[in-house]
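Comments concern the structure below.
What's counted below: heavy atoms across the whole structure, side chains too, no hydrogens, waters or symmetry copies.
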Amino acid sequence: MINQLLEFSTIIGILTTAIRLATPFLLAALGEMFDQRAGVYNLGVEGVMMLGAFIGFWVSLRTGSSYIGILAAIFAGVLMGLLMGLVSITLQAEQGISGIGLFMFGVGLAGYLFRITIGYITNIEGFQPIKIPILGDIPILGTVFFNHNWMVYFAFLMVPISWFILFKTTWGLKIRTAGMTPEAADTLGLSVVAIRYTCLVIGSVAAAMAGAFLTLGHTNMYADNISAGRGFIAVALVYFGRWNPWGILGGALFFSFVDALQLWVQVLGLKIPYEFAVMAPYVLTILALVLAARRIWEPAALGKPFNREGD
Amino acid sequence: MKKVALSVVLIMVLAMLLSACGTQTASQKIKIALVLPSTVDDLSWSQGMTEGVKAVQKELGEDKVEVAISERLGNPTDAAAAVRQYASQGYDLIIAHGSQYQSILDEIAKEFPKTSFAYGTGYQAHDNIFAYDPQSQEGAYLQGIIAGKLTKSNIIGIVGPIEAGDAIKYNVGFQQGVKSVNPNADVRVAYTGSFGDIAKASELAKAQIDAGADILTGTAQQTVGAIKACAEKPGIYWLGNDMDQSSIAPDTVLTAQAYNWKDVVMQMVKFRQEGKIGGEHLVLSLGNGGIQIVVNQKLANVIPADVMALVEQTKKDIIAGKLTIELPK
């Protein structure tokens, strides 16, 4: 049995599964990283994912085009980001509470809209895998990395792009300042409010795309509670990755790899109680979070509403 | 302080008045409440029961049966609040559709001795609690025969939810059915650890297929994700459970074990009319028509006639008691 696990075809299977599983985490967590770098944490990722998953699916089903579906999901993400901004930035509500509110709102709204617009389980074509020329023909690597649908490539490309934006552009510097010392940013004439709003919209769009990936690029269907807690894992991955895109990539891959491995271990019939297999990715992530609990990378003003009067 | 006391008394009186009204209407028609772990449109466990209750309502008349449904109460603590509320609103029969609700019903049923409660999969029935118990291993055994005969790779994959209740009975029956016709076949059981994570079920089905399985089966509402994953690979078949699921993948879903919930609900309504408000263990089996094997007509030619004949014969043997399926204790 152990030999089977080390066979090439099995290893390819595990890695390919891991890449697919990592995609929604990566998108949602990179988005959440922008929120937090600007000083706002959004616990509503799960709700935004659920709404993005539904809107993307519904529009794809009605129009017959998953590309129009993803645009609609992005639009829903913009609205959810603005809503979170209104509550947590403009009205300066406690961010944790407003995030939970956004989560419940998104989940409830998605479920309700599904009931009144579709109301039964159905499916769509979804995004088909695109084999990257040349790279896709490399043995092993080609199957594992270069034979997915465009959303997978997009999610992984967002890692270096996010890193570049955050650390190599002035705009990235502004974002980080808004999250570290908003007073200083304000003194320099930057609008902390505008920066935080923009980041919330970016984060929310990314979460909506992560949700839409589940319906348009993974299961090709919508059912109640499709996100199943992935939004919260994504928030944990931001801490795991220490607010750094590469760290988040590592965390998402680690979690997904363990998850893929445990699925395959079960399929191949290795004698491990399935309960241990199922909880392995969560337990290891918690362990890693505990071991990496030093918060020196945390944006200093995270969670603190910005107020010009400085109260 | 006086004012507070007065308002409490007033509210109590008002509440008594309302509950009195409630019982009056209840004597004219039967009020059924359904508490579901997932949604009425999950294409499996919850949808099957919902359709059963609706069918009873249709048969007895819309004016005779009132139905209320609460969804997404997979967590027993949340479900308890809904059950209690229905009970205090004067509902006659409250069905909490899942084995996980047994303990909350045990507790609540004592407070409402005139109300009937029901749950399942389970067998422990008390004074005013019905337990219904689909013998899912029976239909699973028949589907196992089909899988064992049809597999070309000799690998059959199960996409399981959580190792409990219905899933155990189904998986055990299915494995025995496969072994009875094809001892060399490898039945691989894997669980997602969830009932409703369709993305995980999809991924597990893909892993099973990549590892060589050509026939897959499984239980719980998440299986719709697995069915879709099977539909995307040619030559892979799915054997369904709970209800006919061929609508989402007409070229993939071969058969399904469908539960006839209508009969169970009707039975409970009749018991109540006869003055028996609980204490019955209601079995759904091949013998009493509580379980049926539904064949997807579009793919009927995929199953050879001799296999179908064997399935029919085995069904007769199970009904006659000549064949019993061993369940783990």
Atom CE of A:Met279 with >12 non-hydrogen neighbours under 6.0 angstrom
yes
For A:Ile124, which atoms come within 4.5 Å of any heavy atom of chain B: side chain, backbone, both, or neither?
backbone
Do you know which of B:Leu43, B:Ile158, B:Val224, B:Val189 has the most heavy-atom pairs under 4.5 Å to chain A?
B:Val224
Would you compute the distance between atom CE of A:Met221 and atom CD1 of B:Ile248 and round it to the nearest 0.5 angstrom?
4.5 Å
Under 4.5 Å, counting heavy-atom pairs only, tell me which of A:Asp259, A:Leu214, A:Thr215, A:Thr122 racks up the most with chain B.
A:Asp259
Audit row: B:Lys228, A:Ile121, side chain to side chain contact (heavy atoms under 4.5 Å, CB included) steps and yes/no
CA-CA 11 Å; B:Lys228 176 67 180 159; A:Ile121 305 270; over 6 Å; no
Based on non-hydrogen pairs under 4.5 Å, which of B:Glu203, B:Arg188, B:Gln208, B:Lys206 is most in contact with chain A?
B:Glu203
Return yes when atom CD of A:Glu125 has more than 12 non-hydrogen atoms of other residues, nucleotides or ligands closer than 6.0 Å, and no otherwise.
no
Working to the nearest 0.5 Å, report the span between CG of B:Leu204 and CG of A:Leu263.
5.5 Å
For the student: nearest non-hydrogen atoms of A:Val278 and B:Tyr191, plus distance
CG2-O, 3.8 Å
Looking at A:Gln266, A:Glu275, A:Gln262, which one has more heavy-atom pairs under 4.5 Å with chain B than the rest?
A:Gln266
Non-hydrogen atoms of B:Asp41 and A:Tyr120 that approach each other most closely
CB-CA, 4.2 Å
Heavy-atom neighbours of A:Phe146 CZ exceed 12 at 6.0 Å:
yes
Verdict with reasoning, B:Asp210 to A:Trp264, per side chain to side chain contact (heavy atoms under 4.5 Å, CB included):
CA-CA 10 Å; B:Asp210 287 347; A:Trp264 276 82; 3.6 Å; yes
Region of B:Asp186 that comes under 4.5 Å of a non-hydrogen atom in chain A
neither
Among A:Asn123, A:Ile226, A:Val265, the residue with the most heavy-atom pairs under 4.5 Å to chain B is A:Asn123
Answer with side chain, backbone, both or neither: which region of B:Ser194 has an atom nearer than 4.5 Å to a non-hydrogen atom of chain A?
neither
Check whether A:Asp224 reaches the backbone of B:Ser38 with its side chain - one donor and one acceptor, N or O, closer than 3.5 Å.
no
Using a cut-off of 6.0 Å, state whether more than 12 heavy atoms not belonging to B:Lys179 lie near its atom NZ.
yes
Steps toward side chain to side chain contact (heavy atoms under 4.5 Å, CB included) verdict (B:Thr39, A:Arg115):
CA-CA 10 Å; B:Thr39 58; A:Arg115 179 63 46 79; 3.6 Å; yes
B:Gln47, B:Glu71, B:Gln222, B:Gln245: which one forms the most heavy-atom pairs within less than 4.5 Å of chain A?
B:Glu71
When only pairs under 4.5 Å are counted, which of B:Lys200, B:Glu232, B:Gln221 shares the most heavy-atom pairs with chain A?
B:Lys200
Whatever's closer than 4.5 Å to a heavy atom in chain B on A:Thr17 counts as both
Please name the pair of heavy atoms, one in A:Val267 and one in B:Ala211, separated by the smallest distance, quoted to 0.1 Å.
CG1-CB, 3.7 Å
Report which part of A:Asn220 has an atom under 4.5 Å of a heavy atom belonging to chain B: side chain, backbone, both, or neither.
both
How close do B:Ala199 and A:Arg230 get, counting heavy atoms only, and between which atoms?
CB-NH2, 3.4 Å
Given A:Ala260, A:Gly119, A:Gly13, A:Ala277, the one with more heavy-atom pairs under 4.5 angstrom with chain B than any other is A:Gly119
